[in-house]
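Just below is one structure, and these are the notes that go with it.
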Amino acid sequence: MEIIWYHPSQDATRWIHGLQQRLPHVRVRGWQPGDNAPADYALVRSPPVEMLRGRQGLRGVFALGAGVDEILAQLKHHPDMLPDTVPLFRLEDTGMARQMQEYATHSVLDWFRRFDDYRLQQPQSCWQQLPSYQRETFTIGILGAGVLGQRVADSLKIWGFPLRVWSRSPKQLEGITSFAGRESLNDFLRGTQVLINLLPNTPETLNLINRDVLQRLPQGAFFLNLARGAQVVEADLLAALNSGQLKAAALDVFQQEPLPKNHPLWSHPRVTITPHNAAITVPEEAMDYIARAITQYEAGKTPQGCVDRQRGY
C-alpha cells in the first residue's frame, strides 16, 4: 500500500516514520511536485491541486485537521481534483478537543471573574472591587454540537453555568439545553451571555454571526470564536463592541489570516487575539486515528470522520 503526505509547514520525516511504525506494511512518502506515482491514500493539509487531480486508484483522502473547507473550496473551482467516489475524512478530535476546552474555559472564567476589567484598571493604579456576575444567569451558548462542541460543553459543566447548544439537528445531551435549526436560533441567542462559535465552515454558516445575531444577545454579552473567521462579519462585530452590545471578544480566527497589521481589532481594548492556534493537530494522536481508520476501511468498515460533502463536514 502506498500513502502520500503533504503539509505546507510541517516536517514530513516525523509523519513518515510514525505512520510506518503503525502500518508496517505501508510505504509512506512526502509528495513533491511531479510525483504522479500510484498512491492508495493521501494525507493532506492545503494540498496543491496537482497532487490529487487525475490520480488513479486513490481510495481515500485524510485532511490533517478538523476542517475540510479548504479542500471543498478547491473542489468548487477544480471539480476534477477529487472524484465524488473517493471518500474524504477529517480529524474529529485527535488531541484538539482538550485544547479547545482549555481555551474556552480560560476565556469564560476570565470574563466571569472580571479579570478583564481588573486588567484595564491596573494601568490606572485603580484599587476597586467590582460587582460579581451571577453564576445562574451567566448562560453559555455554544454554536455547534459536534465532537468539539460537546467536549467544550462538558468542560464547562463543572463550573455550574447554564449551558445550551445550537446545531443543525437536535441533540440529547445531559444537563445541556439543545436548540436545532434556523427557527430556534433566536430562542438560543436570547439570554446567552457568552456565545462560543464552534460551527463547521459551510455555505450555511458563512457570515452567520452578523449584526442581527449579535443584537439578539443580551446587552454586554461576550463572544468567543474558535471556528472560522468567515462565519463572522467583522464590521458588525466591531460595531457591537464599540456600542457596548458586546462587552468583549476573544478571537482565534479571522476573515483574512494573518490579520492585517492595521486592522482595528488589534488595538481594541476589549479584544483578545490569538494566531489561529486554539487547537493544533497533535501528530501522534492524528497518526493513531489515521492508522486505525485505514485499517477499518480496508476491512470494509466506515471510519469515524467521513465527510458528507453536501453538508461540508
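For this chain, numbers begin at 1 and follow the sequence in order. Values below: all heavy atoms of this structure, side chains included; hydrogens, waters and symmetry mates excluded.
Rounding to the nearest 0.5 Å gives a distance of 10.5 Å between CZ of Arg90 and SG of Cys306. Expressed to the nearest 0.5 Å, how far CZ of Phe254 lies from CG of Leu259 amounts to 5.0 Å. Going from atom CH2 of Trp166 over to atom CG of Leu198 covers 13.0 Å, rounded to the nearest 0.5 Å. Rounded to the nearest 0.5 Å, atoms CG (Leu224) and CD1 (Ile142) are 9.5 Å apart. Distance check: Met287 CE to Leu23 CG gives 11.0 Å after rounding to the nearest 0.5 Å. Taking CZ of Arg45 as the reference point, atom CD1 of Ile71 lies at 9.0 Å (rounded to 0.5 Å).
Between Thr202 and Glu204, the side chains place a donor N or O and an acceptor N or O closer than 3.5 Å (distance only, hydrogens not considered). With hydrogens and angles left out, the side-chain atoms of Asn225 and Asn197 include a donor and acceptor closer than 3.5 Å. Side-chain contact, Glu234 with His263: a donor N or O sits under 3.5 Å from an acceptor N or O. With hydrogens and angles left out, the side-chain atoms of Thr274 and Tyr103 include a donor and acceptor closer than 3.5 Å. Of the N and O atoms on the side chains of Gln231 and Asn207, not one donor lies less than 3.5 Å from an acceptor on the other residue. When only modelled atom types and interatomic distance are considered, Thr139 and Gln193 share no side-chain donor-acceptor pair under 3.5 Å.
A pairwise comparison of heavy atoms in Arg55 and Trp31 identifies NH2-NE1, 3.5 Å as the closest pair. Scanning both residues, Met81 and Pro47, for their nearest heavy atoms gives CE-CG, 3.9 Å. Of all non-hydrogen atoms in Tyr41 and Tyr297, the two that sit nearest each other are OH-CD2, 3.2 Å. Considering every non-hydrogen atom in both Pro200 and Thr205, the closest pair reads O-OG1, 2.9 Å. The two residues Met1 and Asp40 have their closest heavy-atom pair at CA-OD2, 3.3 Å. The two residues Ala278 and Asp252 come nearest to each other via the heavy atoms N-OD2, 3.0 Å.
Side-chain atoms of Val86 and Val61, non-hydrogen and from C-beta on, do get closer than 4.5 Å to each other. By the 4.5 Å heavy-atom criterion applied to side chains, His78 and Glu50 are not counted as neighbours. Taking the side chain as every heavy atom from C-beta outward, Glu298 and Arg59 approach each other to under 4.5 Å. Residues Leu173 and Gln150 meet the side-chain proximity criterion, which asks for heavy atoms closer than 4.5 Å. In this structure, Gln10 and Pro283 have side chains that are in contact, with non-hydrogen atoms separated by less than 4.5 Å. Residues Thr94 and Met96 form a side-chain contact, since some pair of their non-hydrogen atoms from C-beta on lies under 4.5 Å apart. Leu64 places a side-chain heavy atom less than 4.5 Å from the side chain of Trp15. Side-chain contact between Ser132 and Arg114: absent, with no pair of heavy atoms (C-beta onward) separated by less than 4.5 Å.
Within a 6.0 Å radius of CD in Gln129, other residues, nucleotides and ligands contribute 12 heavy atoms or fewer. Within a 6.0 Å sphere centred on CD of Gln122, other residues, nucleotides and ligands contribute 12 heavy atoms or fewer. Counting heavy-atom neighbours within 6.0 Å of Gln296 CD, excluding the residue itself, gives a total above 12. In Arg309, the CZ atom is crowded: over 12 heavy atoms of neighbouring residues, nucleotides or ligands sit closer than 6.0 Å. Atom CD of Gln56 has 12 or fewer heavy atoms from other residues, nucleotides or ligands within 6.0 Å.
Figure legend: cation-pi geometry between Arg311 and Tyr313, with NZ or CZ positioned under 6.0 Å from the six-membered ring centre and within 45° of its axis. Geometrically, Arg135 engages Phe161 in a cation-pi contact, judged by NZ or CZ lying under 6.0 Å from the ring centre and within 45° of the ring axis.
Look at Glu70 and Arg228 and you find no salt bridge, because none of the NZ, NE, NH1 or NH2 atoms lies under 4.0 Å from a carboxylate O. Checked for salt-bridge contact, Arg98 and Asp93 miss the test: no charged N lies under 4.0 Å from a carboxylate O. Between Asp212 and Arg216, at least one side-chain N (NZ, or NE/NH1/NH2) sits under 4.0 Å from a carboxylate O, which counts as a salt bridge.
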- Task: Using the side chain to side chain contact (heavy atoms under 4.5 Å, CB included) rule, take Val152 and Leu148 through it: C-alpha gap first, then chi angles, then the decisive distance, then the call.
- Result: CA-CA 6 Å; Val152 166; Leu148 296 179; 5.5 Å; no

- Message: Applying side chain to side chain contact (heavy atoms under 4.5 Å, CB included) to Leu72 and Leu88, what does each step give before you reach the verdict?
- Response: CA-CA 10 Å; Leu72 294 180; Leu88 175 63; 4.2 Å; yes

- Message: Run Arg119 and Asp116 through salt bridge (charged side-chain N to carboxylate O under 4.0 Å, His left out) and show every step you take.
- Response: CA-CA 5 Å; Arg119 281 194 298 273; Asp116 58 329; 5.6 Å; no

- Can you check side chain to side chain contact (heavy atoms under 4.5 Å, CB included) on Leu143 and Leu185, steps first, answer last? CA-CA 10 Å; Leu143 292 166; Leu185 182 58; 4.2 Å; yes

- Message: One pair to check against salt bridge (charged side-chain N to carboxylate O under 4.0 Å, His left out): Glu92 and Arg151. What are the steps and the verdict?
- Response: CA-CA 11 Å; Glu92 288 190 335; Arg151 291 288 299 276; over 6 Å; no

- Query: Would Phe138 and Val194 count as a side chain to side chain contact (heavy atoms under 4.5 Å, CB included) if you check the C-alpha gap in whole Å, the side-chain angles of each, and the deciding distance to 0.1 Å?
  - Reply: CA-CA 7 Å; Phe138 204 76; Val194 179; 3.5 Å; yes

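Remark: the backbone N or O of Glu174 is paired with a side-chain donor or acceptor of Lys157 at under 3.5 angstrom. Side chain of Asp236 to main chain of Asn210: no donor-acceptor pair is present (N/O by atom type, distance under 3.5 Å, no hydrogens or angles). Between the Gln20 side chain and the Arg27 main chain, no donor and acceptor come within less than 3.5 Å of each other. The backbone N or O of Pro162 sits nowhere less than 3.5 Å from a side-chain atom of Glu136 that would complete a donor-acceptor pair. Between the side chain of Ser178 and the main chain of Lys171, a donor-acceptor pair closer than 3.5 Å is present. Checked by atom type and distance alone, the side chain of Thr105 never pairs as donor or acceptor with a backbone atom of Glu102 at under 3.5 Å. For Gln121 (side chain) and Trp127 (main-chain N/O), no donor-acceptor pair under 3.5 Å exists by modelled atom type.
If you chain together hydrophobic residues whose side chains sit under 4.5 Å apart, Leu75 and Leu206 never meet in one group. The cluster map of Ile, Leu, Val, Met, Phe, Trp and Tyr, joined by side-chain heavy atoms under 4.5 Å apart, puts Tyr6 and Val307 in the same cluster. Hydrophobic cluster membership is shared by Ile176 and Ile196, with clusters built from Ile, Leu, Val, Met, Phe, Trp and Tyr side chains linked at under 4.5 angstrom. In the hydrophobic clustering of ILVMFWY residues, with side-chain heavy atoms under 4.5 Å counting as a link, Leu237 and Leu208 come out together. Note: the hydrophobic cluster containing Leu241 also contains Ile273 (ILVMFWY, side chain heavy atoms under 4.5 Å, direct or indirect links).
Legend: residues meeting side-chain contact (heavy atoms from CB on, under 4.5 Å) with Thr177, ordered by chain and number and at least two apart, are Arg164, Phe179. When the ring-ring contact (aromatic ring centres under 6.0 Å, His included) test is applied to Phe62, the partners found at least two apart in sequence or on another chain are Phe89.
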